Amino acid sequence: MREIASSNDPASGRHRVVVVGAGFGGLETVQRLAGSGVDITLVDRRNHHLFQPLLYQVVGASLSPSEIAWPIRSLFAKRKDVRTLLGEVEGVDTGNRRVVLEDGSTLGYDTLVIATGARHSYFGHDQWEPYAPGLKSLEDATTIRRRLLVAFEEAERESDPARRAALQTFVIIGGGPTGVELAGTIAELARLTLVRDFRSIDPRATRVVLVEAGQRLLQVFPEDLSAYTAQALEKLGVEIKLGKPVTECSEHGVVVDGVPIPAETILWAAGVQASPAARWLNAEADRAGRVVVGPDLTVPGHPDIFVIGDTAASNGYDGKPVPGLAPAAKQAGQYVARLIRQRFKGQNASEPFRYRHQGNLATIGRSLAVVDMGGFKLRGVLAWWMWKLIHIYFLIGTQNRMSVALSWMWTHGIGYRGSRLITYSDLAQHDAGQDHDKGREGD
């Protein structure tokens, strides 16, 4: 195997930290290690950091991809201690302390931080993925946006009433924050933004169905906020089906509680599965595939390897599992960076990682949201403003904050969503993927 050259002089003896994944946890780790005297290599299979909480707004054409993603290299252009590599990790040689990339090359490390996030989980029904894409990346968001917009375009020229109805039916599986936000933004896109754009169809006749196997939406929120969310979505025209899991999913629709729902567009927001880091490390994993880590977020038996964010199964939340939220990943990144600094200085650090819950937020529409911060609960317009301000604050760079704020003001003021683009590259890529999937299923 070919080893990638180190960014520092091997004779210098500088400590090498490799961070895999440029999400919230990985980025926070690198930022907090500034001035620590270590050499850092940041590896990611994409060249950008993505603000995932706003992906659904790309789907709903409120924001463009460039407003919620930033090139990783530009973020660390002034940091001479940081090297960025574009590559996909295939494994870890723990004995020789090397990260193995997909092309067979390796990258040596003294300390390894794995922050590779999570992917979609279909609970044993992986064959549903071609028909019900999830939302984790910019590619997912633009593909889903394309599907939504193409559905309206096809309905405009469809003469068969049954197929036209199916084209104007959108099913979202999963009633967590992502499912709620997708349902609200699709309902508003149809009933507010597109209402004057078509002649043969009435976008207000669009059917948005939100399916949740549990007994209520937003199960991590208090029951009164869940009930408020359901009422607000129903006012937007969203149909909510609770306690009824999807049993079948195909290119023509879903089956819920034995009842078929013809739909040409199905979206998955029901579950996630951790990246294959546990397999790379030959480590214990929980049911979601997350690496079971110790109190200091290291892999048992490997004190030089940290796993954080959605990839880690930690009980650092007062003895309970740490949730897969951006603030949790950022806190873990801060903790790991502090621990690496202490170790580098020869200090003993025994304080375990403790997650400090900062609350849950979810938007319902362009003027409504729910906020739960322990004893403080908020709903409606005030919660929506709070949600906006918090998300603008966590965006990277003044230019992006201003751009997103102006986009939101424009959308809120007149209901106009300007990013309603169907790009041919997305279309060709999607169609090729469908052909490939259909061929694979026929094997």
Side-chain angles (χ1 to χ4, degrees), residues 1 3-4 6 13-21 23 25-26 28-30 32-33 36 38-44 87-102 104-119 273-324 328-329 331-355:
M1 291 187 290
E3 183 168 4
I4 297 175
S6 177
R14 287 172 63 88
H15 192 86
R16 301 168 300 169
V17 177
V18 173
V19 179
V20 182
E28 191 72 17
T29 302
V30 176
R32 296 284 176 159
L33 284 174
S36 62
V38 302
D39 277 339
I40 304 164
T41 300
L42 178 58
V43 184
D44 198 285
E88 187 160 0
V89 174
E90 289 290 328
V92 178
D93 180 354
T94 57
N96 294 306
R97 291 187 175 182
R98 286 186 172 89
V99 174
V100 182
L101 303 182
E102 61 178 342
S105 60
T106 64
L107 182 65
Y109 66 86
D110 297 308
T111 297
L112 175 63
V113 181
I114 297 179
T116 43
R119 51 195 171 89
Q273 180 81 12
S275 73
R279 176 172 54 80
W280 300 344
L281 303 169
N282 194 26
E284 180 185 357
D286 68 0
R287 290 188 300 176
R290 298 175 299 181
V291 177
V292 177
V293 296
D296 62 354
L297 302 183
T298 60
V299 179
H302 298 282
D304 56 336
I305 302 177
F306 295 90
V307 182
I308 63 175
D310 292 348
T311 319
S314 166
N315 288 325
Y317 183 20
D318 297 330
K320 299 177 292 185
V322 175
Q331 289 180 32
Q334 294 167 12
Y335 172 85
V336 167
R338 185 170 66 250
L339 205 58
I340 292 173
R341 283 176 174 272
Q342 290 172 337
R343 288 182 178 182
F344 188 63
K345 294 177 180 178
Q347 301 173 353
N348 292 325
S350 58
E351 181 182 350
F353 171 68
R354 289 188 176 88
Y355 167 62

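Values below: all heavy atoms of this structure, side chains included; hydrogens, waters and symmetry mates excluded. Just so we're clear, the structure is a prediction, and the values are computed from it rather than from any experiment.
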NZ/NE/NH1/NH2 to OD/OE distance under 4.0 Å, Asp39 and Arg16: no
Heavy-atom closest pair, residues Val291 and Ala283: CG1-CB, 4.1 Å
Value rounded to 0.5 Å, distance of CH2 in Trp280 from OG1 in Thr94: 13.5 Å
Shortest non-hydrogen contact between Ala278 and Ala285, atoms and distance: CB-CB, 3.7 Å
Atom CD of Glu102: over 12 foreign heavy atoms under 6.0 Å: yes
Ala115 versus Gly25, closest heavy-atom pair with distance: CB-C, 4.3 Å
Audit row: Phe306, Ile340, side chain to side chain contact (heavy atoms under 4.5 Å, CB included) steps and yes/no: CA-CA 10 Å; Phe306 295 90; Ile340 292 173; 4.0 Å; yes
Spatial distance of atom CZ (Arg98) from atom OG (Ser105) [nearest 0.5 Å]: 11.5 Å
Intermediate values then yes/no, side chain to side chain contact (heavy atoms under 4.5 Å, CB included), Val293 and Phe353: CA-CA 11 Å; Val293 296; Phe353 171 68; over 6 Å; no
Residue from Thr298, Leu281, Val113, Leu297 passing side-chain contact (heavy atoms from CB on, under 4.5 Å) with Val307: Leu281
Heavy-atom check, side chain of Arg97 versus side chain of Asp304, under 4.5 Å: yes
Side-chain touch Phe344/Ser36, heavy atoms, less than 4.5 angstrom: no
Reported CD-to-CG distance for the pair Glu28 and Leu33, which is rounded to 0.5 angstrom: 10.5 Å
Nearest-0.5 Å distance, CG of residue Leu339 to CD of residue Gln347: 10.5 Å
Atom pair CG/CG of Leu107 and Asp93 - distance to nearest 0.5 Å: 12.0 Å
Considering all heavy atoms, the nearest Thr116-Ser275 contact: OG1-OG, 2.5 Å
Minimum heavy-atom distance between Gly87 and Val43, given as atom pair plus value: O-CG1, 3.7 Å
Whether Thr311 side chain and Gly117 backbone form a donor-acceptor pair below 3.5 Å: yes
From Glu351 atom CD to Arg338 atom CZ, the distance as rounded to the nearest 0.5 Å: 6.0 Å
Residues Asp296 and Arg343 bridged, charged N to O under 4.0 Å: yes
Heavy-atom side-chain contact between Leu101 and Val89 under 4.5 Å: yes
Polar side-chain atom of Arg290 near backbone of Ala118 as donor-acceptor pair, under 3.5 Å: no
Heavy-atom check, side chain of Tyr335 versus side chain of Ile308, under 4.5 Å: no
For Gln334 against Arg32, the heavy-atom pair lying closest together: NE2-NH2, 3.4 Å
